[in-house]
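Note that this is a predicted model, so its numbers are computed, not measured. To find a chain, count down the sequence lines: A is the first, B the second, and so on, and within it residues start at 1.
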Protein chains: 4
Amino acid sequence: MKIGLIGTGWIGEEHVRRLAGSVAGAEVTAVSDIDPERAAAVASLAGARVIGSAEELIADPEVQAVVVTSWGPAHAEQVLACIAAGKPVFCEKPLTTEAADGLRILEAEQAHGKRLVQVGFMRRYDAGYRAIKAVLDEGGIGAPLMAHCAHRNPTQPESYHSDKPMVDTAVHEVDVLRWLLGEEFASVQVVVPRSTSKRFPHLVDPQILLLETASGARVDVEVFVNCQYGYDIQCEIVGETGAVRLPDPAAPLVRAAGRASYEIVQDFPSRFADAFDTELQEWVDSLRSGEPAGPSAWDGYAATVVTNAAVEARRTGAVVPVDLPERPAFYK
Amino acid sequence: MKIGLIGTGWIGEEHVRRLAGSVAGAEVTAVSDIDPERAAAVASLAGARVIGSAEELIADPEVQAVVVTSWGPAHAEQVLACIAAGKPVFCEKPLTTEAADGLRILEAEQAHGKRLVQVGFMRRYDAGYRAIKAVLDEGGIGAPLMAHCAHRNPTQPESYHSDKPMVDTAVHEVDVLRWLLGEEFASVQVVVPRSTSKRFPHLVDPQILLLETASGARVDVEVFVNCQYGYDIQCEIVGETGAVRLPDPAAPLVRAAGRASYEIVQDFPSRFADAFDTELQEWVDSLRSGEPAGPSAWDGYAATVVTNAAVEARRTGAVVPVDLPERPAFYK
Amino acid sequence: MKIGLIGTGWIGEEHVRRLAGSVAGAEVTAVSDIDPERAAAVASLAGARVIGSAEELIADPEVQAVVVTSWGPAHAEQVLACIAAGKPVFCEKPLTTEAADGLRILEAEQAHGKRLVQVGFMRRYDAGYRAIKAVLDEGGIGAPLMAHCAHRNPTQPESYHSDKPMVDTAVHEVDVLRWLLGEEFASVQVVVPRSTSKRFPHLVDPQILLLETASGARVDVEVFVNCQYGYDIQCEIVGETGAVRLPDPAAPLVRAAGRASYEIVQDFPSRFADAFDTELQEWVDSLRSGEPAGPSAWDGYAATVVTNAAVEARRTGAVVPVDLPERPAFYK
Amino acid sequence: MKIGLIGTGWIGEEHVRRLAGSVAGAEVTAVSDIDPERAAAVASLAGARVIGSAEELIADPEVQAVVVTSWGPAHAEQVLACIAAGKPVFCEKPLTTEAADGLRILEAEQAHGKRLVQVGFMRRYDAGYRAIKAVLDEGGIGAPLMAHCAHRNPTQPESYHSDKPMVDTAVHEVDVLRWLLGEEFASVQVVVPRSTSKRFPHLVDPQILLLETASGARVDVEVFVNCQYGYDIQCEIVGETGAVRLPDPAAPLVRAAGRASYEIVQDFPSRFADAFDTELQEWVDSLRSGEPAGPSAWDGYAATVVTNAAVEARRTGAVVPVDLPERPAFYK
């Protein structure tokens with residue numbers, strides 16, 4: 001599978017390295033970026049060509065599938081161009097920054113008639129979340145009633161502003177919870193604790209999302225992006241007969257100096273390294289045998305609608321309904 | 001220390017057994033109950049006399065200290081009678097069912113001039129909570145910002161109604177969190193997930209309390225009293241530099257039949273057996289050397305005000321302020 | 001129960017504090033020590049009399065039961081004197097330092113006709129070991145085949161010599177494993193790793209005992225008394241269908257500075273505080289209702305025979321048989 | 001990298017699937033097996049050619065590197081043929097069944113002048129063992145003194161005989177401990193508990209290896225291949241200042257029916273799936289940039305010498321020296 005990649009920033013470079021170095025059956029043959037020097041540097045990691053523009057890359061006859069890792073506002077047009085060209089496209093989250101653009105993608109893909117788009121929600125490929133999903137599917141805890149989650153980062157740079165906990169960060173929680181619970185969210189409220197002193201002053205941190213699903217399950221998500229101590233993802237699902245908790249990554253327990261301890265990773269590339277590998281390998285595998293099997297354009301759209309509602313909820317203090325149309329049969 | 005006990009129901013009998021069988025320096029010499037046969041049966045466990053009424057027991061010259069384990073609505077008058085008699089009194093929670101009665105007790109005790117009243121919030125004596133308190137006091141996680149808690153019971157009888165998750169159950173969480181966080185609650189909201197099917201139909205279960213402290217720390221408490229699987233108390237405090245979690249009771253990990261597992265206790269007497277022992281031992285010890293050192297009448301009053309506000313919050317769906325007067329210097 | 005205590009060293013003082021301060025139904029009314037000033041200081045903790053000699057204390061008509069916490073070589077005569085006086089006696093381990101003295105105690109007690117002696121093997125009262133015992137008794141792991149154990153102390157003083165890992169330290173492992181496995185040891189071998197540099201030079205540390213039971217179960221016990229990091233007791237029993245492991249004491253998990261950690265206790269009084277409480281409470285309770293129910297003179301004797309064999313095994317490098325007579329019916 | 005694979009049994013098929021499906025930069029272009037139908041079936045998984053004999057496959061000009069997954073006795077000649085052909089060869093363990101054959105390989109490879117051989121000790125690629133290695137290398141527990149290990153399988157087929165616990169099973173422990181401790185073993189003893197009733201009668205199970213390293217560190221390895229409950233690998237290294245334990249694979253903790261539990265895997269392909277992936281990816285990567293970086297022919301030889309000594313130790317009951325020549329500078 002010959003792949004072209006658009007956007008050679010940090011995550012773009014990571015994906016090039018993965019596709020070249022740890023994914024079987026794929027090669028990156030073309031890259032494009034608004035910064036040609038950066039594009040050349042990343043292209044050299046995989047022996048790929050540099051192509052001048054996203055449009056040309058998508059149109060290039062050698063490119064069989066596209067990875068979009070440009071910045072968020074550019075995603076919509078690039079994904080639409082891929083659909084127009086009939087080429088499979090893996091788009092990093094968010095699928096779109098504006099919900100209206102997501103609707104355009106849904107329409108275009110349905111008009112095309114088969115799935116082309118996959119969105120980069122890598123948590124669905126994490127072994128821990130998959131094991132939770134298996135427990136739920138086997139009825140191991142009965143029907144889910146609640147989820148208690150936390151998303152903690154050690155720190156954030158000054159550019160990280162108070163909408164980002166929803167749009168950039170909680171979007172992963174929103175997607176993986178939709179997937180685990182098997183239903184859509186109906187409303188969202190945000191409550192705001194006293195902010196930590198260990199942050200840039202403009203930032204509201206932590207924030208807590210309170211979500212309700214269509215069936216009335218309740219989810220709380222702590223988003224705390226300057227927790228200092230590590231990159232820490234927690235998730236407990238509580239059902240009618242039991243509860244299940246996401247495990248910490250396996251790490252040796254060291255007994256020394258009066259404490260037993262294990263290491264906590266410090267960033268998401270460490271935490272989800274295997275999930276990224278699996279995500280891209282399964283994407284490549286699914287393309288060889290037909291349509292992409294991972295998170296769809298609908299999943300990308302729904303997550304954006306929820307996180308946009310969460311932004312409004314934080315700003316207004318109100319319970320904000322999640323205004324989602326009915327899921328098209330195409331995406332069921 | 002010669003102790004008289006009023007109310008020989010389940011918890012009264014437990015306390016008689018403890019005072020007679022595992023607390024040093026105390027003996028139960030008198031008991032009283034509205035059911036004289038029951039009183040006689042429990043008295044025989046400790047070789048105690050049966051006294052006809054609470055009033056007589058409190059007045060009895062041999063009785064040096066009183067334990068009140070009668071039903072809630074009777075607490076206020078019995079505690080007030082003990083104060084009038086100048087005798088130390090250990091009163092099971094709730095101190096009073098009506099907040100106004102709590103105020104009368106506060107006034108009477110202050111008029112008496114030294115502390116006589118201790119309220120039976122046994123969690124402050126649990127080794128796990130005490131270890132969390134030590135971590136907080138040492139600055140091990142920085143200033144607390146959030147707490148995530150759960151109180152789960154396997155089942156409840158039909159008599160358990162939808163206010164009880166607040167008044168009977170969450171009252172323990174409210175007290176222990178006030179103690180851990182070192183401040184009062186300012187408001188409370190209740191959100192209600194879809195109820196479990198495994199309950200009596202009249203009951204709203206689970207319920208989630210959302211509390212805010214005076215300084216803006218945020219606490220969520222899941223109260224789920226028909227969780228089926230066990231009696232399970234969870235508590236995580238998140239501070240500016242770290243987080244600390246209440247441990248499960250130590251239990252051997254058994255590897256068998258494809259799983260590694262440990263037992264979960266099924267009731268609060270098992271979960272808090274050591275805490276009850278320590279509570280009564282420390283109460284008796286403190287009396288020998290002066291005033292009671294445990295949870296005060298103010299603590300009992302404050303918890304009642306919070307749980308009454310939570311009842312209103314669930315009924316109205318609103319964020320309800322906790323209407324607490326300033327804490328008297330006497331109780332600081 | 002009026003108790004006289006002989007030997008007011010560290011453990012003697014601990015037992016006086018416990019009997020006075022956290023055991024119901026007992027009081028220490030007399031103490032004796034070769035150092036009268038020390039005796040007086042400890043006596044004052046409980047309002048007890050000081051008696052000039054062990055013999056007088058045992059003979060004192062007020063003393064109903066005796067606790068022997070003198071140094072090991074004095075145990076035999078004092079326990080024999082208690083038996084001669086027909087008084088129950090709780091003797092700290094080791095029951096005797098010489099196995100021959102243990103035989104004399106066994107004979108004297110059998111001649112007396114009912115049990116009077118209990119030996120201070122407190123691990124049988126630890127909640128973790130008791131839970132393991134329950135798993136074994138329920139068949140939770142099938143018939144035991146192996147046990148893997150470790151006994152680690154942070155450091156030892158200069159007076160601790162190379163026989164002590166057996167005689168003073170592993171004696172607890174030997175007793176609790178006899179109790180858990182329900183059978184006697186048949187042989188013992190000792191293998192000696194390279195010694196740690198963090199010890200006094202005369203000491204062989206660590207040492208590993210390899211024990212075989214009568215039925216052929218195999219036990220390895222690491223004894224490492226300068227492990228630096230904490231007081232740490234580990235035990236895993238492996239049976240035909242599963243395995244069970246002694247839990248670490250419950251302690252909150254703290255997430256801070258890139259690690260999740262919990263505290264390890266630093267000494268045995270912290271590790272076994274509850275076990276000591278339970279041990280003395282149950283001893284007092286059992287006396288009120290008849291004979292002592294805890295570890296018997298036979299248990300004390302058998303442990304001494306095993307640890308003496310282990311001393312020989314270390315010195316010779318050989319597999320040393322445990323030369324134990326048949327257990328008298330009196331002790332079954 | 002075009003790879004030829006010899007021996008299409010279970011592990012051969014696994015490696016073909018991995019090289020074709022999850023390793024980047026490699027393709028299997030030729031396979032060979034004594035059973036041509038089996039060879040054809042496995043070849044079809046990767047679109048590879050079937051070649052009639054191992055010799056022809058090694059000589060085939062298209063084949064750039066060889067994977068040897070034939071049965072153990074055939075390894076020596078095939079590896080020697082690869083060396084003669086100057087082709088890199090990945091050989092599954094054991095490198096040879098006879099130690100003398102190992103010496104021939106060492107000589108041939110040294111005569112060739114650069115490393116060509118890597119042996120399939122996949123544990124060195126397991127994330128848990130690697131994290132332990134990092135702790136040791138950072139001095140996190142001081143100089144190692146002891147290791148306590150267990151290798152448990154749920155069951156074994158009737159063909160599994162009493163030497164196999166050493167030769168087939170403990171060989172992995174031997175290699176990974178040599179690697180972790182950074183030194184060779186000097187002697188081995190085997191002690192044999194009463195065998196489990198849940199085995200074929202001819203099999204001695206469990207067995208315990210007692211190993212001593214050149215520096216005097218002591219290792220015990222329980223090998224229990226009919227433990228019934230799961231595939232379970234345990235390893236604790238104890239150093240002068242601390243201890244570190246191999247983590248169980250991360251798995252969600254499920255609270256249900258009175259127990260908190262997590263799943264134990266049932267076979268080594270599940271337990272070491274990621275390790276196998278990493279092993280082959282790193283092998284392929286190292287070939288592209290020069291010599292193989294993984295376990296060498298020396299490692300394969302040394303492991304065989306140790307396990308052969310262990311077989312003798314079990315048969316004789318004696319402490320058997322590990323008769324290893326000095327490690328050639330070539331392999332340092």
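- Heavy atoms only, all atoms of each residue included: Pro206(B) and Met146(A) are closest at CG-CE, 3.5 Å.
- By number of non-hydrogen pairs under 4.5 angstrom with chain A, the leading residue of Ser197(B), Gly230(B), Ser195(B) is Ser197(B).
- Neither the backbone nor the side chain of Ile141(A) comes within less than 4.5 Å of any heavy atom in chain B.
- The greatest number of non-hydrogen atom pairs below 4.5 Å with chain A, out of Lys198(B), Glu222(B), Arg199(B), is found for Glu222(B).
- Distance alone, capped at 3.5 Å, places no donor-acceptor pair between the Glu240(A) side chain and the Cys227(B) backbone.
- One finds the NE2 atom of His148(A) at 10.0 Å from the NE2 atom of His148(B) (value rounded to the nearest 0.5 Å).
- Annotation for Asp267(A): atom CG counts as buried by contact number, over 12 foreign heavy atoms lying within 6.0 Å.
- At a cut-off of 3.5 Å, with distance as the only test, no side-chain donor of Arg218(A) or Gln207(B) sits close to an acceptor on the other residue.
- Interface remark: Asp232(A) contributes no atoms to any contact with chain B (heavy atom separation under 4.5 Å).
- Atom CG in Asn226(A) sits 12.5 Å away from atom OG1 in Thr241(B) (nearest 0.5 Å).
- Only the backbone of Val192(A) comes within contact range of chain B, with at least one heavy atom under 4.5 Å from a heavy atom of that chain.
- Between atom CD1 of residue Ile208(B) and atom CG of residue Leu210(A) there is a gap of 8.0 Å, rounded to the nearest 0.5 Å.
- Of the possible donor and acceptor atoms, one in the side chain of Arg194(B) sits under 3.5 Å from a partner among the backbone N and O of Ser215(A).
- Top candidate by heavy-atom pairs under 4.5 Å with chain B, chosen from Ala217(A), Ala150(A), Gly142(A), Pro193(A), is Pro193(A).
- Contact check on Glu236(B) versus Arg152(A) returns a salt bridge, with a Lys/Arg side-chain nitrogen under 4.0 Å from an Asp/Glu carboxylate oxygen.
- With a threshold of 4.5 angstrom between heavy atoms, Thr213(A) does not approach chain B through any atom at all.
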